[in-house]
Amino acid sequence: MIEYVWLVPLVPILGFLFNGLLGKRVPKWLVSLVGCSVIGISFLIVILIFLEYLKLPADAKPVEVVVYNWISSGNFNALAAFLVDPLSLIMMLVVSGVSFIIHIYSVGYMHDDEGYPRYFSFLNLFVFAMLVLVSANNFLLMFVGWEGVGLCSYLLIGFWYEKQSASDAGKKAFVVNRIGDFGFLLGIFLIFWTFNTINFREVFSIAGTNFEVGSLVITAITLLLFVGATGKSAQLPLYVWLPDAMEGPTPVSALIHAATMVTAGVYMVARCSALYVLAPVSLTVVAIVGAATAIMSASIGLAQNDIKRVLAYSTVSQLGYMFLACGVGAFAAGIFHLMTHAFFKALLFLGSGSVIHALSGEQDMRHMGDLKKHLPITYWTFIMATLAIAGIFPFAGFFSKDEILFKSLVDGHILYWMIAAAAAFMTAFYMFRLIFMTFHGESRVKPEVLHHVHESPPVMTLPLIALAVLSTIGGFVGIPIIEGANVFHEFLAPAIAHVHRPEIHYPISFEVFMMVVSVIIALLGINTAYRMYIKRPELPQLVTEKIPLLYDLIYHKYYVDELYAATVVNPIKMGSDFLWKGVDEKVVDGAVNGSAGLVEWLSYHIRKLETGYVQNYALAILIGVFIIAGYYLGR
């Protein structure tokens, strides 16, 4: 089955074509069936490939499947080919599996939308692009998927394009990502110039053989690649598009944040781990940016009131954790958290969608409260996802987040651990703040909405239950300490390079102690949220009144958007206006229009000489003869 890996991305593109071309001409049930089944088939194919890969002997792994010779020009050669190895298999399983669940949920959530066929066609295209990205065997084919998810994010974030805010958010995502993609593309150019190939395995083999640790060109390549990652995975300073992406339908938010676009940068850094281990400077930059992003976005999440924006800043923060792990050389820990995050973050967004669906589109948590009794399935599944993201044992997030905290301390620096621990406290606080404001306390739901609040239909709640199960047990594939119990790391190890540093063995008691500390930090965050929003609900107002400047700073997201508007966006607009009105209209159009005016003026006056009277023409000829004769006689 491995030789048919090309079917994994191909099947979703067939769904895109069917619904895109025929969606308006066929019944809605057929649109749903095709849109969901193509992703389900793709997921089934990945499972079969995974099972077959496990049976292969070690010397037959990894497997490259060449479809055809894509581009040949001189010594440049790019194949349309796919790489089947532990990293690509994990990513394909996560992308296709979680996307399949989101597609099923979408059937209920988007049922009454006029753009239903268009929605599913774009959703299928999104999954196709992401599957190409994670299964490609070379940088150029990865870049095709990379740009594909960027295009689809624009189409889906701005899906309700009649809304100005939605179309603006789509454009913002597209433009910001172009900045990161420019760096990524320069990195690919430099890779080919350096290695004379763009094939992953060839590049990594040559780098490990011919380049030393700290090589300047490897450092330049990895930094350029990371510029691309900061755009796709919403890290400082290119994170500003992701919170605005909430303007798209909620299942789109789940897809972007959990299974597709934002995980692309983390995957790319892990895929290029063989290069990053040769560039300590780049690893330090990755760790610093990841840690800074984690703490900054977590702090912003403390004061947001839109339920989806809280989750959006949570995503940015969790991605910072993943990059912090990669920055300290714990690439497997970063991918592990990527996988568990896909489970609980998809559940959180779909759960928020269930709440929004029940409240007729309301997203402000200040207009919620006491929804537990109305939405029991949504509530309990949301609780499981929240415990997972907070890092409470035995939920999935505990295992992956705890490992990142541990690795940031022992393989990084105590400052990294302190930042990550502070972000963990904030995460537990703002997530349970969300829980308490949404599902507990007094009802603040508008009376006209409250009377018809009800649980979502089974097509929406069953996906929540499935993701809740994964969020609960998904971390047990990476059990630490116990010998042989960390199946995830053992499986992923052949595809990940390791930083060359002295191996230090820490006693089990120390690891257990650090686990307990991480859980205590999360419990402190939960307890603080409980005291402020359940036990003494007047406390938040008192706190904001005591520290108004700090609260305003956090509430307005450190005024980063305003800073970008003042220093980048508005100067570009002013420059564009000058080029338009000052150069294009006055100089370019002025020159063209002026030459036309001159010809018109000359024509207007010269045509007066064409009177039609023969005697006038004879007189003109006679005058001309006298002038010419006089000229020659006078010489």
**Asked** Does the pair Ser88 and Val134 meet the rule for a side-chain contact (heavy atoms from CB on, under 4.5 Å), with working shown?
**Response** CA-CA 6 Å; Ser88 64; Val134 300; 5.7 Å; no
**Item:** Plane angle bin for Phe349 and His257 - parallel if under 30°, tilted between 30 and 60°, otherwise perpendicular
**Value:** tilted
**Side chain proximity check, Ser253 to Lys308, heavy atoms < 4.5 angstrom** = yes
**Message:** Counting C-beta onward and ignoring hydrogens, is there a side-chain heavy-atom pair between Phe331 and Phe336 closer than 4.5 Å?
**Reply:** no
**Message:** Taking CZ in Phe182 as the centre, count heavy atoms belonging to other residues, nucleotides or ligands within less than 6.0 Å. Is the count above 12?
**Reply:** no
**Prompt:** So, does Ser42 use its side chain to make a donor-acceptor pair with the main chain of Val8 at under 3.5 Å?
**Reply:** yes
**Prompt:** How close do Leu283 and Cys326 get, heavy atom to heavy atom, and via which atoms?
**Reply:** CD2-O, 3.4 Å
**Asked** Heavy atoms, side chains only, cut-off 4.5 Å: are Phe82 and Val66 in contact?
**Response** no
**Message:** When you compare the side chain of Ser32 with that of Tyr116, does any pair of heavy atoms fall below 4.5 Å?
**Reply:** yes
**Prompt:** Any donor and acceptor pair, going by atom type alone, linking the side chain of Thr381 with main-chain N or O of Leu464 inside 3.5 Å?
**Reply:** no
**Message:** Tell me if the NZ atom of Lys61 is crowded by more than 12 foreign heavy atoms within 6.0 Å.
**Reply:** yes
**Asked** Does Arg201 come within less than 4.0 Å of Asp85, counting only side-chain N to carboxylate O?
**Response** no
**Item:** Residues, nucleotides or ligands: over 12 heavy atoms within 6.0 Å of Glu162 CD
**Value:** yes
**Request:** Answer yes or no: is there a donor N or O on one side and an acceptor on the other, between the side chain of Thr293 and the main chain of Leu236, under 3.5 Å?
**Result:** yes
**Request:** Under the side-chain hydrogen bond (donor to acceptor under 3.5 Å, both in side chains) rule, what do Asn124 and Ser121 come out as? Steps first, then yes or no, please.
**Result:** CA-CA 5 Å; Asn124 287 168; Ser121 65; over 6 Å; no
**Prompt:** Any chance the side chains of Gln235 and Thr230 put a donor and an acceptor closer than 3.5 Å?
**Reply:** no
**Prompt:** For the side chain of Thr219 and the backbone of Ser215, is there at least one donor-acceptor N/O pair under 3.5 Å apart?
**Reply:** yes
**Asked** Would Met142 and Tyr267 count as a side-chain contact (heavy atoms from CB on, under 4.5 Å) if you check the C-alpha gap in whole Å, the side-chain angles of each, and the deciding distance to 0.1 Å?
**Response** CA-CA 11 Å; Met142 175 195 268; Tyr267 163 75; 3.6 Å; yes
**Complete:** d(Asn196 CG, Ile191 CD1) to nearest 0.5 Å is 13.0 Å
**Given Phe200, Phe195, Phe189, Phe184, the one that forms ring-ring contact (aromatic ring centres under 6.0 Å, His included) with Phe139** = Phe200
**Asked** NZ/Lys172 to CG/Asn177 distance, rounded to the nearest 0.5 angstrom?
**Response** 12.0 Å
**Prompt:** So, for Leu238 and Trp241, which heavy atoms are closest and what is the spacing to 0.1 Å?
**Reply:** O-CD1, 3.2 Å
**Message:** Between Ser106 and Tyr119, is the side-chain hydrogen bond (donor to acceptor under 3.5 Å, both in side chains) condition met? List the steps.
**Reply:** CA-CA 9 Å; Ser106 297; Tyr119 171 82; 2.7 Å; yes
**Prompt:** Is the backbone of His337 close enough, under 3.5 Å, to the side chain of Thr340 for a donor and an acceptor to pair up by distance?
**Reply:** yes
**Asked** Hey, does Met268 have a side-chain heavy atom less than 4.5 Å from the side chain of Leu225?
**Response** yes
**Nearest heavy-atom neighbours spanning Met322 and Gly334** = CG-O, 3.8 Å
**Asked** Does the side chain of Leu33 come within less than 4.5 Å of Trp29's, by heavy atoms?
**Response** yes
**Item:** Non-hydrogen side-chain atoms of Phe192 and Thr197 separated by less than 4.5 Å
**Value:** no
**Prompt:** What's the shortest heavy-atom distance between Gly474 and Met339, and which atoms?
**Reply:** O-CE, 3.8 Å
**Message:** Treating Thr250 as the side-chain partner and Gly353 as the backbone partner, does any N or O pair qualify as donor plus acceptor under 3.5 Å?
**Reply:** no
**Asked** Tell me, do Phe126 and Ile256 make a side-chain contact under 4.5 Å, heavy atoms counted?
**Response** yes
**Message:** Looking at Tyr313, I'd like to know if the NZ or CZ of Arg309 sits under 6.0 Å from its six-membered ring centre while staying within 45 degrees of the ring's axis.
**Reply:** no
**Request:** Find out whether the Lys NZ or Arg CZ of Lys401 is both under 6.0 angstrom from the six-membered ring centre of Tyr321 and within 45° of the ring's axis.
**Result:** yes
**N-O pairing of Asp113 and Arg118 below 4.0 Å** = no
**Asked** Does CZ in Phe76 sit with more than 12 non-hydrogen atoms of other residues, nucleotides or ligands closer than 6.0 Å?
**Response** yes
**Asked** Roughly how far apart are Ser96 OG and Ile41 CD1, rounded to 0.5 Å?
**Response** 12.0 Å
